[in-house]
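Below: the structure, in structure tokens.
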Amino acid sequence: MRLEGVELRRVTMPLVAPFRTSFGTETTRDVLLVRVVTGAAEGWGECVAMSGPLYSPEYTEAAADVLRRFLIPALAAAPRLDAYAVGPALTPFKGHRMAKAALETAVLDAELREQGRPLARELGAVHERVPCGVSVGIMSSIGELLDAVGGYLEAGYRRIKLKIEPGWDVEPVRAVREHFGDVPLQVDANTAYLPSDARHLARLDPFGLLLIEQPLDEEDLLGHAELARRISTPVCLDESITSARTAAAAITLGAAAIVNVKPGRVGGYLEARRIHDVCVAHGVPVWCGGMLETGLGRAANVALAALPGFLLPGDTSASDRYYRTDLTAPFVLHDGHLPVPAGPGLGVEPLPEVLREVSTATEWIAL
Ligand code: OSB
Ligand code: MG
């Protein structure tokens, strides 16, 4: 494969409702799209970095900068080009996994489209559809929360995840349990707690949650291991897991009983599959996280979520949970599931009129 050039495209997508977490409130998604053009095909990658460095150190503007300044030139200089060569060509540059993931995904998409092979098949997927959960933001009242959760359960979602933070944890969980009974329920703290909050977090034990996601600082593996000994809710890591190596370390230390896999966070779908494999080998269930992706990123996440070790419903919600108009043909929930795209590569592409409408800037880097 030969790269003719790479397009960096910024799109602004209004969310159907503000999404509040312990690290901030998102009302629009400021997305960087990477499109690679080869002699025979083109491929897309969605960068999941957010507009500010609040979930991770990366942010959209920085991702665009590191791509144009370092990553794309390094890839252009690589002796051979295919998706498996992208990671090694970019390893001299520390971090910036979301930017690297977007570039690798675009190359992988182009390569698979050229060969007429679906991403799901390439990754080792074993299901044609995947059960879906939904991530519910922090609300201004319990009533508002119950309305939102009720709507999602009615839509068919197979699992509810509540965002929590100090001051919004035991009461919302209790309210959801009281109103909706024994529905599959989990919580995500996005690092909002301290090791000294262990006794408080143990108050969630009686509610039979599937898991608590990333209660402590992302670097605090030992703290998570200690917390796991003091609460009965299984501890799941998100922010802490940046590679197959950190996944292995977290599992060995007893810091993660369950792992949230987000391809952007770990540098791409190939590393995401390695994490899946490490977790399967250790008997640790994984599930596919989300970053409020458009249909492009969602297509790839749904393909990944169809691998055999993905034993819990993912944050792979339908298009209408995020956007009134998605960038691709919408993903629609059927019986609580999304279909795994079966076409070559990602199996979806941006709708040209929508893409034109939401784009705010494009930059062509000829190689
Ligand atoms: O921690 O899982 C998270 C969204 C943005 C950043 C971090 C997270 C999330 C979500 C939403 O929980 C998942 C989704 O529906 O895409
Ligand atoms: Mg999370």
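As the structure is a computational prediction, the values presented were derived from the model and not from experiment. Read the numbers this way: they start at 1 and go in the same order the structure lists the ligands and their atoms.
- Between Y157 and Y152, the angle of the ring planes goes over 60°, which puts this pair in the perpendicular group of the 30/60° scheme.
- A cation-pi contact, defined as under 6.0 Å to the ring centre and within 45° of the axis, is absent between R20 and W168.
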Counting only pairs under 3.5 Å, give me each side-chain donor-acceptor contact of residues 92-101, with atom names and distances, residues two or more places apart or in other chains.
residue	atom	partner	partner atom	Å
R97	NE	T242	O	3.0
K100	NZ	L90	O	3.4
K100	NZ	F93	O	2.4
K100	NZ	G95	O	3.2

For ligand 1, output the ligand-protein N/O contacts shorter than 3.5 angstrom; if there are none, return none.
residue	atom	partner	partner atom	Å
ligand 1	1 (O)	K163	NZ	3.0
ligand 1	1 (O)	D188	OD2	3.0
ligand 1	1 (O)	N190	ND2	2.7
ligand 1	1 (O)	D238	OD2	3.1
ligand 1	1 (O)	K262	NZ	3.4
ligand 1	2 (O)	K161	NZ	3.0
ligand 1	2 (O)	D188	OD2	3.3
ligand 1	2 (O)	D238	OD2	3.4
ligand 1	2 (O)	K262	NZ	3.0
ligand 1	12 (O)	S135	OG	2.9
ligand 1	12 (O)	K161	NZ	3.2
ligand 1	12 (O)	K163	NZ	3.0
ligand 1	15 (O)	Y322	OH	2.6
ligand 1	16 (O)	M291	N	3.3
ligand 1	16 (O)	L292	N	2.8
ligand 1	16 (O)	Y322	OH	3.4

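- Between the side chains of S243 and E271, no donor-acceptor pair of N or O atoms lies under 3.5 Å.
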Enumerate, atom names and distances included, each donor-acceptor pair closer than 3.5 Å involving a side-chain atom of residues 334-351, sequence neighbours excluded.
residue	atom	partner	partner atom	Å
D335	OD1	R158	NH2	3.1
H337	ND1	D335	O	2.8
E349	OE1	R113	NH1	3.1

Test side-chain contact (heavy atoms from CB on, under 4.5 Å) applied to V187 and T233, step by step: CA-CA 10 Å; V187 293; T233 308; 5.8 Å; no

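- A donor-acceptor contact closer than 3.5 angstrom is absent between the side chains of D30 and S51.
- Using modelled atom types, one finds no donor on one side chain facing an acceptor on the other under 3.5 Å when comparing E239 with T191.
- Paired with V36 under the rule side-chain contact (heavy atoms from CB on, under 4.5 Å), one option of T105, V6, L75 passes, and it is V6.
- Within a radius of less than 2.8 Å around the Mg ion (ligand 2), the protein N, O or S atoms are D188 OD2, E213 OE2, D238 OD2.
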